[in-house]
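When reading the values below, keep in mind they use all heavy atoms of this one structure, side chains included, and skip hydrogens, waters and symmetry mates.
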Amino acid sequence: MIQPTLLQPADRRLAAAAIASILLLGSARLLFDTFKTIHIHTKYPSPPPPPPIFLSPADRRSFSPAKCNPFQGQWLWNDDTNVTSPSPLYTEDSCPYLVKQTTCRRNGRPDGAYQKWRWKPAGCELPPFEAAKMLDVVRGKRVMFVGDSVMRSQFESMVCMVQAAVPRGAKSFDRVPPRKIFRAGVEWNVTLEYYWAPFIVESISDHATNHTVHKRLVSLDAIDKHGATWKEADVLVFESYVWWMHKPFINATYGSPENIREYDVATAYKVAMETWANWLEANINPRRQSVFFMSMSPTHLWSWEWRPGSDGNCFNETYPVEPAGRPYWGTGSNLQIMNIIGDVIGRLRQVKVTFLNITQLSEYRKDGHTMVYGERKGKLLTGEQRSDPKNFADCIHWCLPGVPDTWNHILYAYLLHNYRS
């Protein structure tokens, strides 16, 4: 296992301040004797077989999770001659659904090399992404992405990856807070949805556009308000990390909403994820529904991590980190949190959750963030703010097209494999 570099107290305070300020751009062990994991066993009828789709020889032989780990590999430069796996799969101009926060080139970023890298797993190939085939695989289904603004970017990435295959007049995009909804109608009857829930469980930050960043209060055992929308989805993709990392401690309730206490983040995260796991066991039909969990999206807040002696951040980075004989792991990715969600998923009895471990492959991509080419409080950064990247560079969110497209390519590979099986 990769061992993390431990931050000193002063660095932790810097990390908390940096993460808090960047989130504005996007809008001691405790014992719980009464907390018990509830497992509900229900027999579900088998769903009808899916409609047949054409699987090419490449689809059939290229990817199997049992034979290939898609999360270990390397980033390869992808020039314009690669017609089977082009990068990027879309452009800012070709996709009308991108928000200004992610359109880095349109916002003035001078380089576009970050769009030209392709992830190559060791020992196998991801199946070539085909928009129409993706829509075929989820024909007649609701695919829902649940999480914070990083997950919102992954949702928008997936919409952009498939929307060109849908004829004009047969697609729509609606904003119904806390959701965004893309519909690919008539032929596919597919719905891609995003649901804002930065902690997965309920919190005072659940309003999609009017939420607090510095003041946080999480209800560790409350999830049903969110779950009422999730339970009818056919494919659920969850993510929750950076909103937990504002400070080492977080205010939360458990049991009575009046009983507000300060919890260390790891304990609060564990209880929240167990609440989520109980909800899955009680509400998900494993014969009809598929559940995925995305591991943490890394940050690149300090350039000394990949360039010793420097004192910057991700600003002006134009190439991925080059691993020096071992995997690169930054201090912004918390292995304790990763182990917690892995343990919670591993203890599920009835529902299978596929853990998509995109952290390591994304760690290398210090070049892929929005830097100073995004928004702050709904407005693009001013010239004065851009001239101060030390304080204003966003090293959490990603440019699109960009790294989240690879996350979705891997998700597509799993969905296609599950369909084949």
Verdict with supporting geometry, N278 and T275, side chain to side chain contact (heavy atoms under 4.5 Å, CB included): CA-CA 5 Å; N278 287 340; T275 297; 5.8 Å; no
Worked verdict on R349 versus E281 for salt bridge (charged side-chain N to carboxylate O under 4.0 Å, His left out): CA-CA 8 Å; R349 295 181 182 177; E281 296 276 45; over 6 Å; no
From CA spacing to verdict: side chain to side chain contact (heavy atoms under 4.5 Å, CB included), Q360, F71: CA-CA 7 Å; Q360 181 67 81; F71 310 110; over 6 Å; no
Test side chain to side chain contact (heavy atoms under 4.5 Å, CB included) applied to T318 and N316, step by step: CA-CA 6 Å; T318 56; N316 268 355; 5.9 Å; no
Stepwise salt bridge (charged side-chain N to carboxylate O under 4.0 Å, His left out) test for K270 and E274: CA-CA 6 Å; K270 180 176 183 292; E274 287 174 333; 2.8 Å; yes
Residues R109, N107; criterion side chain to side chain contact (heavy atoms under 4.5 Å, CB included); working and verdict: CA-CA 6 Å; R109 180 166 175 170; N107 298 342; over 6 Å; no
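At a cut-off of 3.5 Å, with distance as the only test, a side-chain donor of S240 or W244 sits close to an acceptor on the other residue. Side-chain contact check for S295 and T359: at least one donor-acceptor pair (N or O, by modelled atom type) lies under 3.5 Å. For the residue pair S333/E363, the side-chain donor-acceptor check at 3.5 Å is satisfied. Side-chain contact annotation: N313 with H369, donor-acceptor N/O pair under 3.5 Å absent. S149 and H397 share a side-chain donor-acceptor pair at under 3.5 Å. Between the side chains of D388 and N391, at least one donor-acceptor pair of N or O atoms lies under 3.5 Å. Using a 3.5 Å distance cut-off with no hydrogens or angles, the side chains of W407 and S362 do pair a donor with an acceptor.
Closest heavy-atom contact between L361 and I358: CG-O, 3.5 Å. Across all their heavy atoms, M161 and L89 have their closest contact at CE-CD1, 3.5 Å. E375 and Q101 get closest at one heavy-atom pair: OE1-N, 3.6 Å. Contact between A165 and A131 at its shortest, heavy atoms only, is CB-CB, 3.8 Å. Nearest heavy-atom pair, V186 versus A170, reported as atom, atom and distance to 0.1 Å: CG2-CB, 4.4 Å. Of all heavy-atom pairs between C104 and Y114, the closest is CB-OH, 3.7 Å.
Remark: the backbone N or O of F145 is not paired with any side-chain donor or acceptor of Q154 at under 3.5 angstrom. A donor-acceptor contact shorter than 3.5 Å is absent between the side chain of Q350 and the backbone of A282. No donor-acceptor pair closer than 3.5 Å links the side chain of S87 to the backbone N or O of K116. Using modelled atom types, one side-chain atom of D405 and one backbone atom of G402 make a donor-acceptor pair closer than 3.5 Å. Judged by distance alone, the side chain of W119 and the main-chain N or O of L76 form no donor-acceptor pair under 3.5 Å. The backbone N or O of S203 lies less than 3.5 Å from a partner atom in the side chain of D206, making a donor-acceptor pair.
Residues satisfying the side chain to side chain donor-acceptor pair (under 3.5 Å) test with R105, not counting sequence neighbours, are none. Annotation: ring-ring contact (aromatic ring centres under 6.0 Å, His included) contacts of W117 (sequence neighbours excluded): W77.
Here the CD-OH distance, from E130 to Y412, works out to 5.0 Å after rounding to the nearest 0.5 Å. Rounding to the nearest 0.5 Å places CH2 of W306 at 6.5 Å from SG of C314. To the nearest 0.5 angstrom, L280 atom CG is 10.0 Å from M273 atom CE.
A salt bridge does not link K133 to D136: none of the charged side-chain nitrogens sits closer than 4.0 Å to a carboxylate oxygen. For R347 and D343, the salt-bridge test passes: some basic side-chain N is under 4.0 Å from an acidic carboxylate O.
Y364 and Y328 have tilted rings, their planes meeting at an angle from 30° to 60° on a 0 to 90° scale.
Cation-pi check for R261 over Y263 is met; the charged atom lies under 6.0 angstrom from the ring centroid and within 45 degrees of its normal. For the pair R365 and W398, the cation-pi test (distance below 6.0 Å, angle within 45°) is failed.
For the salt bridge (charged side-chain N to carboxylate O under 4.0 Å, His left out) condition, the pairs that include at least one residue of residues 161-174, sequence neighbours left out, are D174-R183.
Just one of W276, Y414, F238 meets the ring-ring contact (aromatic ring centres under 6.0 Å, His included) condition when paired with F293; it is W276. Screening H226, R179, R152 against Y195 for a side-chain hydrogen bond (donor to acceptor under 3.5 Å, both in side chains) leaves a single residue, H226.
Enclosure of atom OH in Y319 is not indicated, since only 12 or fewer non-hydrogen atoms of other residues, nucleotides or ligands lie within 6.0 angstrom.
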